[in-house]
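In what follows, a single structure is set out as structure tokens and then discussed.
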Amino acid sequence: AILNTNLQPTSMAGKSLSEVCALADDYSSTESFVMSSTVYFDATGTKKIASDLTAANFATSEEKALAAPVEVYVERVLARVDAVQADNMATEGKEVTLNQESQVILSAKILGYKLYSTSNTSYLVKNIADNVNAYTWGWNDAPNKRTYWATIPANMEYDVAISYNDIKDLAEGATEYQEYVQENTDAKTETADKATKLLVKAKLQKTEGETTTDAGTILQYKGMYFTEEGFLTLVNSSLQGYTYESTVDGATVTSNDWTPYLKIAKGGTEAWEVVAALDETKTFPGSDDLKNKMKEALSNLGTAWCWNEGAAYFYVDIEHFGTGEQAIGIVRNHIYELSISKVSGLGTPVYDPDEDIVPKKTDEEPSSY
């Protein structure tokens, strides 16, 4: 049985059961939830895809037919992921010395959620292994006509084009999020991580005393934390050996304050890394030789991390059950409930909020979760 779909009966004409089971498409619409027959193994270990018919199911009148109905067990093609902030959710910030002068606590405030690496297609009819003993855990539930694992179409494409700005903020006061998705049981290996994840959009807050405000742009450089202005001030201190002349009130003065000519720019190998660079929109007040020397000096400073305007994200795999590969995955007709009980650390920094996120933790922030 196929329910709630625009698929026409003529599209199945002449097809065998196995050919119908091979149909795959995008069934992600929630305007009407597509459902199809459950697939499972009965008590004898026989794979059941369709409901059996007997002579009693065929009748010569509506009255007789209704007296001998066919029992057809169906399930939704989609699954749902719920994320909710627990009433007692704790936020564990990080006490740092900001700009090498003031003690503050930096912490992450949750703004919104979005699922990452979701499947673009699914089988119309659930596709499972051919052997009830394919897995060692209790994945087959004969009494309830259900199985709790499935396979997905080959060469699956995933929705991974998600930037920080693509994640919508929750409505004011909202603490819950729901999203419907198609099955994804692709293996998570050391070389390929296609598991569906919950991205948690966050923004850094700064607490000084009893006052908490948006932290604005925060940089981490050599284990120290700075505002953008504080970082460029630190960079400027390393350039004191270089001077330039300018005219002030008609007099020529020598200066070594390079901060008006500095900026932060994308750099390094990680998405969140930046470098200090000369602002090419400003007319450099020196020779080309001096300019080249300063560029080399700035290059030698290395990279910093940047939470641009406080932008950060966290992520977590959607867990199924079982062991091994089955511990991570999404199977149709399931609801996966995630309760956010604690936010720890500063998360992964975001420098370019329009750049697609590739979920990854920083090496030095393993405690962010």
Side-chain angles (χ1 to χ4, degrees), residues 1-8 11-30 33-41 45-50 74-81 114-137 139-141 146-162 179-199 315 317-334 336 356-359:
I2 309 298
L3 309 180
N4 306 334
T5 176
N6 292 326
L7 191 67
Q8 298 301 311
S11 65
M12 296 188 184
K15 285 185 170 62
S16 65
L17 181 59
S18 61
E19 288 173 331
V20 171
C21 289
L23 295 175
D25 207 337
D26 180 359
Y27 300 109
S28 60
S29 173
T30 56
F33 289 94
V34 176
M35 306 182 80
S36 60
S37 292
T38 62
V39 183
Y40 63 99
F41 293 88
T46 301
K47 190 174 183 178
K48 304 294 288 186
I49 299 174
V74 296
E75 58 188 343
R76 282 186 178 179
V77 172
L78 294 182
R80 193 179 86 201
V81 178
K114 187 79 176 76
L115 292 181
Y116 173 90
S117 191
T118 54
S119 304
N120 285 346
T121 60
S122 64
Y123 285 114
L124 179 59
V125 178
K126 191 173 189 177
N127 189 297
I128 65 173
D130 291 325
N131 187 342
V132 69
N133 298 315
Y135 312 109
T136 58
W137 56 288
W139 72 291
N140 184 62
D141 185 359
R146 292 282 186 270
T147 48
Y148 305 124
W149 196 244
T151 60
I152 59 176
N155 303 315
M156 177 66 74
E157 293 184 358
Y158 300 88
D159 184 4
V160 294
I162 300 170
E179 187 173 346
Y180 288 91
V181 289
Q182 299 180 93
E183 286 174 321
N184 180 15
T185 56
D186 214 341
K188 180 176 180 178
T189 66
E190 293 182 0
T191 57
D193 183 0
K194 298 177 181 178
T196 299
K197 307 175 190 306
L198 179 72
L199 290 179
Y315 68 94
D317 289 328
I318 308 300
E319 297 181 2
H320 192 63
F321 49 80
T323 58
E325 293 179 354
Q326 289 76 36
I328 304 294
I330 287 183
V331 180
R332 71 181 61 196
N333 206 56
H334 283 67
Y336 298 87
D356 289 345
I357 291 173
V358 179

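- The CZ atom of Arg146 lies 10.0 Å from the OH atom of Tyr40; values are rounded to the nearest 0.5 Å.
- Ring geometry for Trp149 against Trp137 counts as perpendicular: the plane angle is over 60°, on a 0 to 90° scale with 30° as the lower cut.
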*Test side-chain contact (heavy atoms from CB on, under 4.5 Å) on Leu17 and Cys21 and set out the steps.*
CA-CA 6 Å; Leu17 181 59; Cys21 289; 4.3 Å; yes
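- The structure places OG1 of Thr30 at 9.5 Å from CZ of Arg76, a figure rounded to the nearest 0.5 Å.
- A heavy-atom distance below 4.5 Å is not found between the side chains of Asp25 and Leu124.
- Between Tyr180 and Phe33, the ring planes lie tilted relative to each other; the angle falls in the 30° to 60° range.
- Taking each heavy atom of Lys126 and Tyr148 in turn, the nearest pair found is NZ-N, 4.3 Å.
- Under the 4.0 Å criterion applied to side-chain N and carboxylate O atoms, Glu179 and Lys114 are assigned as salt-bridge partners.
- Nearest heavy-atom pair across Val160 and Ser117 is CG1-CA, 3.9 Å.
- Side-chain atoms of Tyr158 and Asn120 include no donor-acceptor pair closer than 3.5 Å.
- Closest approach of Val125 to Ser36, counting heavy atoms only: CA-OG, 3.8 Å.
- Between atom NZ of residue Lys47 and atom OG1 of residue Thr147 there is a gap of 9.0 Å, rounded to the nearest 0.5 Å.
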*Test side-chain contact (heavy atoms from CB on, under 4.5 Å) applied to Met35 and Thr5, step by step*: CA-CA 8 Å; Met35 306 182 80; Thr5 176; over 6 Å; no
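- Taking the six-membered ring for Trp and thresholds of 30 and 60 degrees, Trp139 and Phe41 have ring planes more than 60 degrees apart, a perpendicular arrangement.
- Here the closest heavy-atom approach between residue Tyr27 and residue Ser122 is recorded as CE1-O, 3.4 Å.
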*Please assess Val34 against Leu3 for the test side-chain contact (heavy atoms from CB on, under 4.5 Å), listing each intermediate value before the final yes or no.*
CA-CA 6 Å; Val34 176; Leu3 309 180; over 6 Å; no
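- The environment of CD in Glu157 is sparse: at most 12 heavy-atom neighbours from other residues, nucleotides or ligands sit within 6.0 Å.
- Distance check, rounded to the nearest 0.5 Å: CZ of Arg332 to OG1 of Thr38 gives 10.5 Å.
- Smallest separation of non-hydrogen atoms from Asp317 and Lys197: OD1-NZ, 2.5 Å.
- Minimum interatomic distance between Thr121 and Met156 (heavy atoms only, all atoms of both residues): O-CE, 3.1 Å.
- Between the side chains of Ser119 and Gln182, no donor-acceptor pair of N or O atoms lies under 3.5 Å.
- For Asn131, the CG atom counts as densely surrounded, since its 6.0 Å shell holds more than 12 non-hydrogen atoms of other residues, nucleotides or ligands.
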